[in-house]
Amino acid sequence: MKLGLTGDTHGDVACIRKIVQLAPPVEQWLHTGDHAEDAAFLESQTGLPVVRVLGNCDYNSKEANIDEIFVVEGFKLWLTHGHRYMGHTHIQELVWWAKQLEVDIVIYGHTHVPMCQYYGDKLLINPGSPTRPRGGSKPSFAVLTLKEGEKPQVEFLELPVREQKYAGIFGRY
């Protein structure tokens, strides 16, 4: 099964359209929060189900849960924004929680930095942010391929960097 992974979209529907154009065929999307309502737009653009969670910028949203745990192809996945478990940098907290929750794969957002790394037998994946990349990364999303009995495969896809339209006293935004 191929899963599209995105999040930290922050209401940028043009960017979501670009993701849909660039993505290879997937069977489902996962949205890591920060404008969880963007998942509804993604769903309308693709016709595919989108599992979504709330991020720290989803203040009063009733669009999703804080976390989702589910099984795909024999792998137990935990979809979370991550802000409640790690702040901005404490990835080991996510690893600790992954062990407590007995999940195989953690898909998270919040840092806006793409990452795919094993910590022992726990695979942590962050698709990055297609709208507000950080840490020198490019705008991105990811595709996770799962097949029972095989090692998960993750592909990161970059979006073209757009020219920022506005500059003010606070610099480019």
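Keep in mind the model is a prediction, meaning the values are calculated, not measured.
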Answer yes or no: is there a side-chain heavy-atom contact under 4.5 Å between [X] and [Y]?
| X | Y | result |
| --- | --- | --- |
| Leu144 | Leu30 | no |
| Pro49 | Gln28 | yes |
| Val106 | Tyr85 | no |

State plainly whether one hydrophobic cluster holds both [X] and [Y], where clusters connect Ile, Leu, Val, Met, Phe, Trp and Tyr through side-chain heavy atoms under 4.5 angstrom apart.
| X | Y | answer |
| --- | --- | --- |
| Ile66 | Ile105 | no |
| Ile69 | Leu3 | no |
| Val26 | Leu146 | no |

Listed by chain and number, what are the side chain to side chain donor-acceptor pair (under 3.5 Å) partners of [X], not counting sequence neighbours?
| X | value |
| --- | --- |
| Glu155 | none |
| Lys2 | Thr145 |
| Thr32 | none |
| Asp104 | none |

Flag yes if more than 12 heavy atoms outside Lys76 fall under 6.0 Å of its NZ atom; otherwise flag no. yes
Exceeds 12 heavy-atom contacts within 6.0 angstrom, atom CD of Glu102: no
Going through the distances and angles, do Leu22 and Phe141 end up as a side chain to side chain contact (heavy atoms under 4.5 Å, CB included)? CA-CA 10 Å; Leu22 295 173; Phe141 66 100; 4.1 Å; yes
Salt bridge (Lys or Arg N to Asp or Glu O under 4.0 Å) involving Glu73 - partner list, sequence neighbours excluded: none
Can you list the residues that meet the ring-ring contact (aromatic ring centres under 6.0 Å, His included) rule with Trp29, with sequence neighbours excluded? none
So how far is it from Leu54 CG to His31 NE2, rounded to the nearest 0.5 Å? 11.0 Å
At their closest point, which heavy atom of [X] faces which heavy atom of [Y], and how far apart are they?
| X | Y | value |
| --- | --- | --- |
| Met86 | Tyr108 | CE-CE1, 3.8 Å |
| Ala98 | Trp78 | N-CZ3, 4.0 Å |
| Ile19 | Leu159 | CG1-CD2, 4.0 Å |

Qualifying residues under side-chain contact (heavy atoms from CB on, under 4.5 Å), relative to [X], sequence neighbours excluded:
| X | answer |
| --- | --- |
| Asn56 | Asp34, His81, His83, His110 |
| Pro25 | none |
| Glu68 | Val51, Val53, Asn65, Phe70, Leu79 |

Checking side chain to side chain contact (heavy atoms under 4.5 Å, CB included) between Asp38 and each of Asp12, Asp58, Thr9, Val50, which is the one that passes? Thr9
What pairs of donor and acceptor atoms, side-chain ones from residues 113-130 against any protein atom, are under 3.5 angstrom apart with sequence neighbours left out?
unit_1	atom_1	unit_2	atom_2	d
Lys122	NZ	Val103	O	2.9
Asn126	OD1	Gly128	N	2.8
Asn126	ND2	Gly109	O	3.1
Asn126	ND2	Thr111	OG1	2.9
Ser129	OG	Asp8	O	2.8
Ser129	OG	Thr131	N	3.2
Ser129	OG	Thr131	OG1	3.4
Ser129	OG	Arg132	N	2.9

Please list all pairs passing the salt bridge (charged side-chain N to carboxylate O under 4.0 Å, His left out) test where one or both residues lie in residues 40-53, with sequence neighbours left out. Glu43-Arg52
Which pairs count as ring-ring contact (aromatic ring centres under 6.0 Å, His included) when at least one residue sits in residues 32-55, sequence neighbours excluded? His10-His35
Check whether Gln153 reaches the backbone of Lys151 with its side chain - one donor and one acceptor, N or O, closer than 3.5 Å. yes
